[in-house]
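Right, one structure below, let's go through it.
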Amino acid sequence: QVQLVESGGGLVQAGGSLRLSCAASGGTFSRYGMAWFRQAPGEERDFVAAISRNVGSTMYADSAKGRFTISRDNAKNTVYLQMNSLKPEDTAVYYCATRLLPGLTVNPTSYDNWGQGTQVTVSS
């Protein structure tokens, strides 16, 4: 069982930037595809970005394209989400997740392990 711990959330003004981190332990990190999701109050958990296990492929939600960048460091067992040009509608709890099967997907039910989340609040 992989344990995931997110960090880096906080309060930022619109137009600002944040870098989220997700540290993994208890498994072979390089075996897993990784993804970021987010969930606003009263909303469903939405896909944000995903990266393949070998860093060969990435995928982004339309809302994230051009503003967010997902990356990973397999030597540090960590996946990152660099978020630039933040908007108030980006306010949510951000979760990282692992996927053991190959391929990238936006479906949250296809991910195996989840962190506890980190709050991102963007003020206008």
Side-chain angles (χ1 to χ4, degrees):
Q1 185 83 5
V2 177
Q3 289 80 46
L4 303 172
V5 178
E6 301 96 335
S7 61
L11 174 64
V12 64
Q13 289 188 332
S17 298
L18 283 174
R19 188 195 195 202
L20 305 184
S21 299
C22 172
S25 62
T28 304
F29 183 69
S30 60
R31 295 179 60 196
Y32 295 94
M34 299 296 298
W36 287 94
F37 287 78
R38 67 186 184 187
Q39 188 167 21
E43 302 290 332
E44 294 184 347
R45 190 166 294 189
D46 291 330
F47 172 78
V48 176
I51 188 167
S52 62
R53 63 185 79 181
N54 61 3
V55 201
S57 299
T58 57
M59 183 167 65
Y60 294 91
D62 287 343
S63 59
K65 287 178 182 176
R67 299 189 300 128
F68 295 1
T69 303
I70 188 171
S71 61
R72 66 187 294 164
D73 185 337
N74 286 346
K76 296 183 178 180
N77 291 352
T78 302
V79 63
Y80 304 97
L81 185 68
Q82 177 67 44
M83 304 188 295
N84 299 327
S85 302
L86 283 162
K87 306 174 182 179
E89 51 264 44
D90 294 318
T91 295
V93 177
Y94 283 70
Y95 300 90
C96 65
T98 67
R99 174 175 163 83
L100 187 58
L101 293 176
L104 303 179
T105 175
V106 305
N107 185 353
T109 64
S110 297
Y111 289 82
D112 314 301
N113 300 288
W114 294 83
Q116 83 291 346
T118 185
Q119 176 70 48
V120 171
T121 302
V122 184
S123 63
S124 57

Item to check | Asn74 versus Ser30, closest heavy-atom pair with distance | outcome: ND2-CB, 3.8 Å
Checklist outcome for this item: To the nearest 0.5 Å, atom SG of Cys22 lies from atom OH of Tyr95 at 13.0 Å
Checklist entry - Can you name the closest pair of heavy atoms from Gly9 and Thr118 and give their distance? => result N-OG1, 3.2 Å
Checklist entry - What residue pairs, at least two apart or across chains, pass salt bridge (charged side-chain N to carboxylate O under 4.0 Å, His left out) with a residue in residues 69-86? => result none
Checklist entry - If only atom types and distance count, is the side chain of Glu6 paired as donor or acceptor with the main-chain N or O of Cys96 below 3.5 Å? => result yes
Item to check | Linked hydrophobic residues, Leu101 as query - side chain contacts closer than 4.5 Å | outcome: none
Checklist outcome for this item: Here the pair of heavy atoms bringing Ala49 nearest to Leu81 is CB-CD1, 4.2 Å
Next on the checklist: Taking Leu100 as the starting point, is it possible to reach Phe29 by hopping between hydrophobic residues whose side chains are less than 4.5 Å apart?
Outcome noted: yes
Next on the checklist: Give me the atom names and distance for the closest heavy-atom approach of Gln116 to Val5.
Outcome noted: OE1-CA, 3.8 Å
Checklist entry - Hey, mind stepping through Met34 and Thr98 against side chain to side chain contact (heavy atoms under 4.5 Å, CB included) and telling me if it holds? => result CA-CA 5 Å; Met34 299 296 298; Thr98 67; 3.6 Å; yes
Checklist outcome for this item: So CZ of Phe68 and OG of Ser17: to nearest 0.5 Å the spacing works out to 9.5 Å
Item to check | For the student: nearest non-hydrogen atoms of Ile70 and Tyr60, plus distance | outcome: N-OH, 2.9 Å
Item to check | Which atom of Leu4 lies closest to which atom of Ala24, heavy atoms considered | outcome: CD2-CB, 3.6 Å
Item to check | Value rounded to 0.5 Å, distance of OG1 in Thr69 from CE in Met83 | outcome: 11.0 Å
Item to check | side-chain hydrogen bond (donor to acceptor under 3.5 Å, both in side chains) pairs, two or more places apart, involving residues 47-58 | outcome: Ser52-Asn54
Item to check | Residue pair Asn107 / Thr109, side-chain donor-acceptor N/O under 3.5 Å | outcome: yes
Item to check | Pair listing, salt bridge (charged side-chain N to carboxylate O under 4.0 Å, His left out) test, anchored in residues 27-38, at least two apart | outcome: Arg38-Asp90
Item to check | Nearest-0.5 Å distance, CZ of residue Arg67 to CG of residue Leu86 | outcome: 6.5 Å
Next on the checklist: According to a hydrophobic-cluster definition based on side-chain heavy atoms being under 4.5 Å apart (Ile, Leu, Val, Met, Phe, Trp, Tyr only), do Val93 and Val122 belong together?
Outcome noted: no
Next on the checklist: Enumerate the disulfide bond (SG atoms under 2.5 Å apart) contacts for residues 42-84, please, sequence neighbours excluded, ordered by first and then second residue.
Outcome noted: none
Checklist entry - Quick one: side chain to side chain contact (heavy atoms under 4.5 Å, CB included) partners of Ala50, sequence neighbours excluded? => result Ala35, Phe47, Leu104, Tyr111
Item to check | Interatomic distance, Leu18 atom CG to Gln82 atom CD [nearest 0.5 angstrom] | outcome: 8.5 Å
Checklist entry - Hey, quick one: are Phe37 and Val2 part of the same hydrophobic cluster, counting side-chain heavy atoms closer than 4.5 Å, chains of contacts allowed? => result no
Item to check | Reported OH-to-CH2 distance for the pair Tyr80 and Trp36, which is rounded to 0.5 angstrom | outcome: 10.5 Å
